[in-house]
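The chain is numbered in sequence order, starting from 1. Atoms within each ligand, like the ligands themselves, are counted from 1 in listed order. Source: prediction; values computed, not measured.
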Amino acid sequence: MFENFKKMQFKMPKKFSAWHIIIVFTFFIFLQMYLMNPGIRDISYSEFKKLVRDGDVLECHITNTMIRGRLREMEKGTTKPVVFITARVEDPDLVKELEFVGVKYEGNYESPWFKTFFFSWVLPLLILFVVWRFVFKRFGPAGSIMTFGKSKGRLYAQEDLNVTFDDVAGIDEAKGELQEIIEFLKTPEKFRALGGKIPKGVLLVGAPGTGKTLLAKAVAGEAGVPFFNMSGSEFVEMFVGVGAARVRDLFAQADLKAPCIIFIDELDALGKSRGANPMGGHDEREQTLNQLLVEMDGFDSNKGVIIMGATNRPEMLDSALLRPGRFDRQVVVDRPDLHGREAILKVHAKEVTLEEGIDMHSVAAMTPGFVGADLANLVNEAALLAARRNKKSVSMKEFEEAIDRILTGLEKKKRLMNKKEKEIVAHHESGHALIACSVPHADPVRKISMIPRGIGALGYTLQKPTEDRYLMTRAELLDRIAILLGGRIAEDIVFNEVSTGAQNDLEKATEIAKMMVKEYGMSEKMGLVTFEQGNRPLFLTGGYAASKEYSEETAREIDLEIKKIMDDSVVRVKALLMEKKEILIGMAKTLMEKEVIDGDELKKLLEELHKANGKKEA
Ligand code: ADP
Ligand code: ZN
């Protein structure tokens, strides 16, 4: 009720808009000028002088800009004299002439107060008002000036969500990682008693539509706690200080409702790396981000407030957000694989009537690359098609048609690959994985996937570090470079051409080589010197230009050393992959069929392939 009442109040100014005021004003001005003075005769000054000389003028009022008066002549059919008006011309003899013919005259100083008032006060204020309304409609809530900095009179919390983990399918890994948080939210006292360490912030990383929001809601639903939902882009508004105030407000509200979850969607809109904009950045965003950091540091995680953020571009985030005590835990929400898609389809198919015997597995097989949101959309479209055809249940035919429709939409967005691209990606990822399995110092491969993740990356090979590493040897770094190069060189060997997909790999590899030479003193030729000083941003792609503290000649030598490391690595990787070309091709083939190969499967596959190829050679 209260909410409704507020909304009604906010609507009021809409009805009484600036345009109405302007129209009314104009109307009044016209009214004054014409309606109140009917039949004014506008004459020229020379005509006026002639009328004076002829004695036709009865009387006149002279102001500093014009002359108004009455003639002896009567208006047609009345006894009212004709009123005339003329612009005043500089004419020092006028008074004499008027005296001479005996016209009654009076001077009138017309103060221009009205015009001045209108042009210097009313009009600018009107314009300001109109602009202000416009800005608020575009960028913000339809609030009034009173709600600045307040929470738009809005409660962020959603309680009794009836979303549970059963509604979330196909992303079991992520669900597993969040289980602990649910336990904590359910019984914070228990955790406190045990002295357990609970993260304050959890970052959900995944492409749009993979179910990050759904997952966060499900965590709240499972734990039975309130869910505070805000989007990063909502925080960043036109006026400096509003975003920060909103963050403060959000945390204050959450504090009262603990245990609870604060979910911040599109965290990257808010937490973009602060050095990233050389043009001075966005003050408002920075303030808001700082406020968020202050709030996150300020509260005690034992209270039971968990902050979940979602992003599909973790590399864009300000490193300050990822420090311990903030979003220090990351949960990857992957695009679903075949089984995952089937499970998601089943969740959404519960709400529609399916034709008997329809097989969700084959629908899943037709939809590689679809994310949860696409699949939900698919079921919906199919049901709509069936309804349009007056069918009682949804059949395979509708699913096929709906897939076609969605595919054309998705293809426009360039999210799905054609066959040739798939082949290239399969060999590229197999190249990474095969090198990772062949070099001595690599972390074991956890997963190879052809399902695109993030922007620009078409597939990925995931290595799980066996332990957290702070020290790395030269050999380990060289192996890392080799793995990064493996993708591109595999493409080269198999297809005799390279694609643009490997650019990021090359960048990273070069970066490692550069650090080996410049920072770690790992180049024989340059010796034990470091050429880099000062802080670098956490992410190597950050926009800081390193200050050079060495000569041009040294710079050239450094470049040569970097190039040597890279060249040697290319030779090494090429040799390895040429030797195992058959295995590479076999791996790529399996990957294309399965889309995803996990660590154990990979081990088995490699054994089989080794055996098969061993026989061939024998
Ligand atoms: P994100 O926040 O990652 O962009 P959402 O959580 O907003 O994605 O997902 C949008 C919708 O897509 C959800 O409301 C749900 O209907 C559907 N959906 C997405 N992922 C899943 C999933 N894993 N299981 C079931 N439904 C899903
Ligand atoms: Zn790659």
Please name the atom of His432, restricted to N, O or S, that is closest to the Zn ion (ligand 2).
NE2
Is the closest side-chain donor-acceptor distance between His427 and Glu491 under 3.5 Å?
no
Once side-chain hydrogen bond (donor to acceptor under 3.5 Å, both in side chains) is applied, do any residues pair with Lys397, and if so which ones, sequence neighbours excluded?
none
Under 3.5 Å, side chain of Arg335 to main-chain N/O of Phe370, donor-acceptor pair present?
no
Hits for side-chain hydrogen bond (donor to acceptor under 3.5 Å, both in side chains) against Asp265, two or more places apart or cross-chain, chain-then-number order -> none
Is it the case that Ser438 and Lys580 place a side-chain donor and acceptor less than 3.5 Å from each other?
yes
Quick check against the 3.5 Å criterion: does Lys392 have a side-chain atom that pairs as donor or acceptor with the backbone of Glu355?
no
Less than 4.0 Å from some atom of ligand 1, heavy atoms are found in residues Asp167, Val168, Ala169, Ile171, Ala207, Pro208, Gly209, Thr210, Gly211, Lys212, Thr213, Leu214, Ile344, His348, Gly372, Ala373, Ala376
Report the residues that fulfil ring pair (Phe, Tyr, Trp, His ring centres under 6.0 Å) with Phe165, sequence neighbours left out, ordered by chain and then residue number.
none
Any N/O/S of Asp505 under 2.8 Å from the Zn ion (ligand 2)?
yes
